[in-house]
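One is the number of the first residue; the rest follow in order along the sequence. Because only heavy atoms are used, hydrogens play no part in the values below, and waters and symmetry mates are left out as well, while side chains stay in.
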Amino acid sequence: MITFLLNQTPVQIHEAAPSLSVLDWLRTKSAQRGTKEGCASGDCGACTVVIGAPGDHGVEYRHVNACLMLVGQLHGKHLITVEGLSEPSAQTPEQLHPVQRAMVECHGSQCGFCTPGFIMSMFALYMNFDQCPPRDTVIAHLGGNLCRCTGYRPILDACERMYEYPRSSDTFRPAAQAFFDARQPTPAVMSEGPRQFTAPESLAELLKLRQQWPDARLIAGGTDLSLAFTQALETPAQVISLTDVAELQQMTEHNDCLEIGAAVSYERFLPTLLQHYQEAEEMFHRLGSKQIRHSGTLGGSLGNASPIGDPAPLLLALQADLQLVGPGGSRWVPVSEFFLAYRETVLKDDEVIASVRVPKRRPSQALYCYKISKRIEDDISTVLLVLSFDITDGHMHNVRSGFGGMAAIPMSSESLNAALEGQPLTLDTLEQAGQVLADDFNPMSDVRATRQYRLQVCQNLLLRVGYEQQAMAQVRIQHAAL
């Protein structure tokens, strides 16, 4: 049985398809049709809902894409939809929630299709900030919501206006806390005929299920896998959710490394990681919207083994290791040895990724991280290049690289590493070293770029390293809205 709180009402689900999304459940099973379906792929934000769960500081709320979250993953959580913000009897702006009232009075809704998603992203902002934060924070919070009517300015005005009204009493956290205090029954299991969804709470339970169902689909944030259900219409026999496995949600800072649980979301681990590697902030910001980063995980990205997954090149350049756990125990594998072929890894049928170990920054370490994509944000990489090295007396040592979009797997360029090792950090060195990339890579031509474009761009990015190091030119683009 799956149990969760929908606005103020407890819900129990015994039977449903294991791949049923929260969006489809809301619209087809519970008649909560305020949540809209725009793209069903996590791009437009029309389906944004807010999820509450116990955290370090009481009940914590985050906005996510309902199209990418499975209804089974709601177990033990608080789901808030646009219908839950005001009483159905509300007939005047003053009777609406301040978020809704501000949208009305600032004329933030035009055709209205995207409006429920904006409302829920704004509601998450309202729940997490007692006063209106700076505009760049507001823009980042709304970055996953698209308005085809170009109504952004009045929506931003509404974000400021909603804080000017009397503060709405928070009836959500008390209701959620009471729900969480009443321990929900386990295991979290939901089925439709022979097809089954389950959400284990411990690593031991997960490994037992992994042995029982070696072909089950494992889902964490679902930011990629869910597309197989919503776009390709796959109907898996078993789905195992990793989001409630306690051991996979841990994050530990050791003296020499950060150990990040495979199911820890980007938004949770990024503040700690960026303390050591600030240069990666732009890449993670462009990886996806807040909604995506609230759901996506390192374990999911690596296990999915996409050649254009953004975190893998960074982890390659930083010489990170993966902890793989199975019935026979655990083993540590360098990320450089994890990928075997397109969508194939060293992970055994009965193993799972438990954590990622990232070495802490060395005092002399430099890091450069570049993502090239057709859109500046919320887009798949055409190529991604990460370069790390130590600088001693103007020379590069311990050179490590990571590339995405250049081969069937995320790869380091051993030829480039060797060409730069011990060499002076100059434009001439970087230009000459770029010529060896063709020794390691023969990228494909596809809808995003040709083979030659990818090679040329990577060579140009190496020159960007030199220009940035010498501060000879401005080579970064500011967010257009800022």
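Using a distance-only test at 3.5 Å, with no hydrogens or angles considered, no donor-acceptor pair links the side chain of Arg62 to the main chain of Ile51. In terms of modelled atom types and a separation under 3.5 Å, the side chain of Asp446 and the main chain of Ala449 share a donor-acceptor contact. Checked by atom type and distance alone, the side chain of Asn145 pairs as donor or acceptor with a backbone atom of Gly45 at under 3.5 Å. In this structure, Arg293 contributes its side chain and Gly288 its backbone to a donor-acceptor pair below 3.5 Å. Under the 3.5 Å distance criterion, the side-chain polar atoms of Asn128 are matched with a main-chain donor or acceptor of Ala124. The closest donor-acceptor contact from the side chain of Gln73 to the backbone of Ala220 lies under 3.5 Å. Between the side chain of Tyr61 and the backbone N or O of Val50, no donor-acceptor pair lies under 3.5 Å. A donor-acceptor pair is defined here as one N or O able to donate and one able to accept, closer than 3.5 Å; such a pair exists between the side chain of Gln249 and the backbone of Ala263. No donor-acceptor pair under 3.5 Å is formed between the side chain of Asn65 and the backbone N or O of Gln291. The main-chain N or O of Ser401 is found under 3.5 Å from a side-chain atom of Ser412 such that the two form a donor-acceptor pair.
Screening residues 201-217 for salt bridge (Lys or Arg N to Asp or Glu O under 4.0 Å) gives Arg183-Glu201, Arg217-Glu234 as the qualifying pairs, with residues at least two apart or on separate chains.
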Could you give me the CA-CA distance, side-chain angles and deciding distance for Ser265 and Glu267, then say whether side chain to side chain donor-acceptor pair (under 3.5 Å) is met?
CA-CA 5 Å; Ser265 71; Glu267 280 294 296; over 6 Å; no
Tell me, with the steps shown, if Thr272 and Ile260 meet side-chain contact (heavy atoms from CB on, under 4.5 Å).
CA-CA 10 Å; Thr272 302; Ile260 303 169; over 6 Å; no
Test side-chain contact (heavy atoms from CB on, under 4.5 Å) applied to Thr382 and Val457, step by step
CA-CA 10 Å; Thr382 301; Val457 164; over 6 Å; no
Take Ile372 and Leu461 through the test side-chain contact (heavy atoms from CB on, under 4.5 Å) and record every step on the way to the result.
CA-CA 10 Å; Ile372 302 297; Leu461 291 176; 4.1 Å; yes
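Remark: Ile13 CD1 to His75 NE2 distance equals 11.5 Å, nearest 0.5 Å. Within the model, atoms CD of Glu37 and OG of Ser21 stand 7.5 Å from one another, a figure rounded to the nearest 0.5 Å. Put simply, CG on Leu142 and CG on Leu156 are 6.5 Å apart, with the number rounded to the nearest 0.5 Å. For the atom pair NE2 (His97) and OG (Ser168), the distance works out to 4.0 Å, reported to the nearest 0.5 Å. Note that CG of Leu437 and OG of Ser413 are 5.0 Å apart. Values are rounded to the nearest 0.5 Å. Atom NE2 of His276 and atom CG of Leu367 lie 13.0 Å apart (nearest 0.5 Å).
Evaluated for a side-chain hydrogen bond (donor to acceptor under 3.5 Å, both in side chains) with Lys77, the options Thr3, Thr243, Asp244 yield exactly one hit, Asp244.
Partners of Glu351 by salt bridge (charged side-chain N to carboxylate O under 4.0 Å, His left out), not counting sequence neighbours, listed by chain and number: Arg331. Taking the salt bridge (charged side-chain N to carboxylate O under 4.0 Å, His left out) definition, one finds that Arg357 meets it with Asp321, sequence neighbours left out. For Glu253, the salt bridge (charged side-chain N to carboxylate O under 4.0 Å, His left out) partners at least two apart in sequence or on another chain are Lys360. Applying the side chain to side chain contact (heavy atoms under 4.5 Å, CB included) test to Phe113 and every residue at least two apart in sequence or in another chain returns Lys36, Ala46, Cys111. By the side-chain hydrogen bond (donor to acceptor under 3.5 Å, both in side chains) test, Asp310 pairs with Lys371, Ser381, sequence neighbours left out. Scanning for side chain to side chain contact (heavy atoms under 4.5 Å, CB included) contacts around Pro18 gives Arg195, Phe197, Val239, with sequence neighbours left out. Legend: residues meeting side-chain hydrogen bond (donor to acceptor under 3.5 Å, both in side chains) with Gln278, ordered by chain and number and at least two apart, are Glu281. For the side-chain hydrogen bond (donor to acceptor under 3.5 Å, both in side chains) test, residues two or more places apart in sequence or in another chain that qualify with Asp170 are Arg173. Looking at residues two or more places apart in sequence or on another chain, you find no side-chain hydrogen bond (donor to acceptor under 3.5 Å, both in side chains) involving Asp378. Scanning for side chain to side chain contact (heavy atoms under 4.5 Å, CB included) contacts around Thr171 gives Gln8, Ser169, with sequence neighbours left out.
Annotation: side chain of Leu227 is in contact with side chain of Leu68 (closest heavy-atom distance under 4.5 Å). Looking only at side-chain heavy atoms (C-beta outward), Met103 and Ile155 come within less than 4.5 Å of each other. By the 4.5 Å heavy-atom criterion applied to side chains, Tyr266 and Leu298 are counted as neighbours. Here the side chains of Phe172 and Val59 are not in contact, with every heavy-atom distance at 4.5 Å or above. The side-chain heavy atoms of Leu206 and Leu203, taken from C-beta on, include a pair separated by under 4.5 Å. For the pair Val358 and Cys257, the minimum side-chain heavy-atom distance is 4.5 Å or more. Side-chain contact check for Leu385 versus Val383: every heavy-atom pair is 4.5 Å or farther apart. Val346 has its side chain within reach of Leu324: a pair of non-hydrogen atoms, C-beta onward, lies under 4.5 Å apart.
Residues Pro133 and Leu125 come closest through the heavy atom pair CG-CD1, 4.1 Å. Closest non-hydrogen pair, Gln275 versus Pro271, comes out as CG-O, 3.2 Å. Nearest approach of Arg451 to Ser445, heavy atoms of both residues: N-OG, 2.7 Å. Nearest approach of Thr345 to Leu302, heavy atoms of both residues: CG2-O, 4.5 Å. Considering all non-hydrogen atoms of both residues, Gly405 and Ile308 come closest at CA-CG2, 3.6 Å. Nearest heavy atoms, Ser226 versus Ile219: OG-CD1, 3.7 Å.
For the pair Asp379 and Arg448, the salt-bridge criterion is not met [side-chain N within less than 4.0 Å of a carboxylate O]. Between Arg268 and Asp56 there is no salt bridge, since no side-chain N of the basic residue sits under 4.0 Å from a carboxylate O of the acidic one.
Donor-acceptor pairing under 3.5 Å is lacking for the side chains of Gln32 and Ser30.
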Extract all donor-acceptor atom pairs below 3.5 Å that involve side chains of residues 313-320 and protein atoms in other chains or at least two apart in sequence.
none

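Atom CZ of Arg148 sits in a sparse spot, with 12 or fewer heavy atoms from other residues, nucleotides or ligands closer than 6.0 Å.
Taking the six-membered ring for Trp and the full ring otherwise, the centers of Phe179 and His78 sit at least 6.0 Å from each other.
The aromatic rings of Phe129 and His141 sit perpendicular, their planes meeting at an angle over 60°, well past the 30° parallel limit.
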